[in-house]
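Working notes, structure below.
First listed ligand is number 1; within each ligand, the first listed atom is number 1. In this chain, residues are counted from 1 in sequence order.
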Amino acid sequence: MRRTIISVVAPVYCEGDQLPEFVASLTAELGQLKTSTGLDHEVVLVDDGSSDNTWEVMRTLTAQYSCLRCLRLSRNFGKDAALSAGLAATRGDAVITMDSDMQHPASLIPEMVALWRTGNVDVVDVCKQERQVESLLSKVCAMSFYRLFEMLTSYDLRGSGDFKLLDRKVVEAWKNLGERKLFYRGLTSWMGFRHEQIMFTPCLRCGGSSKWSLARRVTLAVDSMTSFSGKPLLLIGIITLLFYALSFFVGCEALWSYATGHARSGFTTVILLILLTGSAILTGLCIMSAYIHHAFIELKGRPRYLLAETLEAQNTDS
Ligand code: UDP
Ligand code: MG
């Protein structure tokens, strides 16, 4: 009879230096899990177009660990696309997604698997008790994004991350999602199924640095909001109504001043009104452009990622 398999997917972008340490600690944890529960495992690493020696390191590791499979994307497609490539390549009955910089502790895997094995849980979300060490600006931006995202979509993603366990049926449902632009943590919430949470405090990065610049975070925030909610488009209507009200008020006030002989020269007022109107029009255009850009990407229907190479371990020790 086929044994139950736990798959682990980890996206990797320029993590060559710390990858051996990550794979060693992960496989040690999975080895212990196998001894205590009899569950088999596989590890799928996805090189997201790294420019350092990540792929060479993966080649060496594949010769060392029999449970390892590695995919190399043709360029950097972003973490969510790399996760998608990894999920599509898994064969396990449950799939765990985690970062390869050791900020997601592998020691939580037994608890995640135990929850899944109760049969009452399809998705285990490992949520941050507190955010990782980061600048005040990043913290404020992240909190504002999550607050805005919740207002627009009613999904509360505060504390949630990409460290998750998905049952095979959830992975199959994920593979059937048609969209090109992916927001992993948002989509897994949107998909539903039975969720359970485990809390954790993120560890420090084991080396290297975060690959998320402010510009990348802003792009992700705009993409995720345009893909999850059409409400910002309604904002244009609200701005328009406000401007009708403002025009009516200013118009009445000007006519009254003229009629009573108190008409002001009004240079400052005119300048202010022009600036205000211009800003409102540009805000509306920005919102519309974000949706047009999103629709443009989806309409082209290009693949989410392209695979350049795959590696599979041949030996039997792990
Ligand atoms: N990552 C990726 N592609 C990217 C950026 C990041 O595959 O374009 C991987 C990275 O190697 C790591 C994980 O995604 O395993 C999380 O990235 P990072 O640590 O930079 O994000 P942070 O923890 O700062 O949010
Ligand atoms: Mg990290």
Side-chain angles (χ1 to χ4, degrees), residues 8-26 43-58 61 68-89 95-106 108-109 125-143 145-146 149 157-164 180-186 188 200-221 223-224 304-309:
V8 176
V9 172
V12 188
Y13 181 53
C14 300
E15 312 274 11
D17 291 346
Q18 54 267 10
L19 199 56
E21 195 186 340
F22 166 69
V23 173
S25 73
L26 176 64
V43 176
V44 179
L45 298 179
V46 186
D47 177 359
D48 186 15
S50 302
S51 51
D52 66 351
N53 62 341
T54 295
W55 187 245
E56 283 67 47
V57 174
M58 283 187 184
L61 291 171
L68 213 58
R69 254 180 317 134
C70 301
L71 318 175
R72 185 165 66 83
L73 304 190
S74 62
R75 65 167 171 84
N76 179 240
F77 281 88
K79 181 184 177 181
D80 297 76
L83 276 171
S84 202
L87 284 173
V95 180
I96 293 171
T97 54
M98 65 193 296
D99 289 357
S100 56
D101 56 4
M102 296 183 79
Q103 287 199 282
H104 294 162
L108 286 176
I109 291 178
D125 297 297
V126 186
C127 296
K128 294 174 204 159
Q129 214 145 27
E130 54 193 73
R131 292 188 63 81
Q132 61 210 51
V133 181
E134 60 188 347
S135 69
L136 185 66
L137 180 68
S138 298
K139 241 179 212 162
V140 171
C141 289
M143 293 321 290
F145 165 69
Y146 287 128
F149 192 85
L157 299 184
R158 259 168 295 180
S160 79
D162 299 335
F163 192 12
K164 291 181 190 297
R180 313 286 102 200
K181 281 265 177 193
L182 301 161
F183 180 41
Y184 181 63
R185 69 192 73 167
T188 42
F200 88 115
T201 306
C203 314
L204 286 176
R205 246 183 172 279
C206 59
S209 58
S210 173
K211 312 298 181 303
W212 291 91
S213 62
L214 189 63
R216 274 189 100 167
R217 284 178 204 270
V218 171
T219 310
L220 178 71
D223 283 343
S224 50
R304 295 167 175 176
Y305 54 84
L306 290 173
L307 280 181
E309 215 174 323

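For D101, the N, O or S atom closest to the Mg ion (ligand 2) goes by the atom name OD2.
Taking both residues in full, the closest heavy atoms of D80 and Y184 are given as OD2-N, 2.8 Å, listed atom of the first, atom of the second, then distance. Across every non-hydrogen atom of S50 and Y13, the tightest pair is OG-CA, 3.4 Å. When all heavy atoms are compared, the tightest approach of S100 to E15 is OG-CG, 3.7 Å. Pairing each heavy atom of M98 with each of P11, the nearest pair is O-CD, 3.3 Å.
Considering each of G78, S50, P11, the one bringing a non-hydrogen atom nearest atom 9 (C) of ligand 1 is P11. When the options Q103, Q18, R216 are ranked by their closest heavy atom to atom 8 (O) of ligand 1, first place goes to R216.
Under 4.0 angstrom from ligand 1, there are no non-hydrogen atoms of D162. Under 4.0 Å from ligand 1, heavy atoms of D99 appear from its side chain as well as its backbone. Of the heavy atoms in M102, none comes closer than 4.0 Å to ligand 1. Counting heavy atoms closer than 4.0 Å to ligand 1, residue K79 contributes atoms from both its backbone and its side chain.
The CG atom of L26 sits 5.0 Å away from the CD1 atom of I109 when rounded to the nearest 0.5 Å. In this structure, the separation between CZ on R185 and OG on S160 is 5.5 Å, given to the nearest 0.5 Å.
Among the atoms of D99, none of the N, O or S atoms falls under 2.8 Å from the Mg ion (ligand 2).
Set against the non-hydrogen atoms of S100, the atoms of ligand 1 under 4.0 Å away are 11 (O), 15 (O). Near D48, meaning under 4.0 Å from one of its heavy atoms, ligand 1 places the atoms 2 (C), 3 (N), 4 (C), 7 (O), 8 (O). Within ligand 1, the atoms closer than 4.0 Å to a non-hydrogen atom of N76 are 3 (N), 4 (C), 8 (O), numbered from 1 in the order shown. Listed by number with element, the atoms of ligand 1 under 4.0 Å from a non-hydrogen atom of E15 are 10 (C), 11 (O), 12 (C), 15 (O).
Between F163 and H104, the ring planes are parallel. Angles under 30° get that label, and only those over 60° would be called perpendicular.
Salt bridge K79/D99: present, at least one basic N to carboxylate O contact under 4.0 Å.
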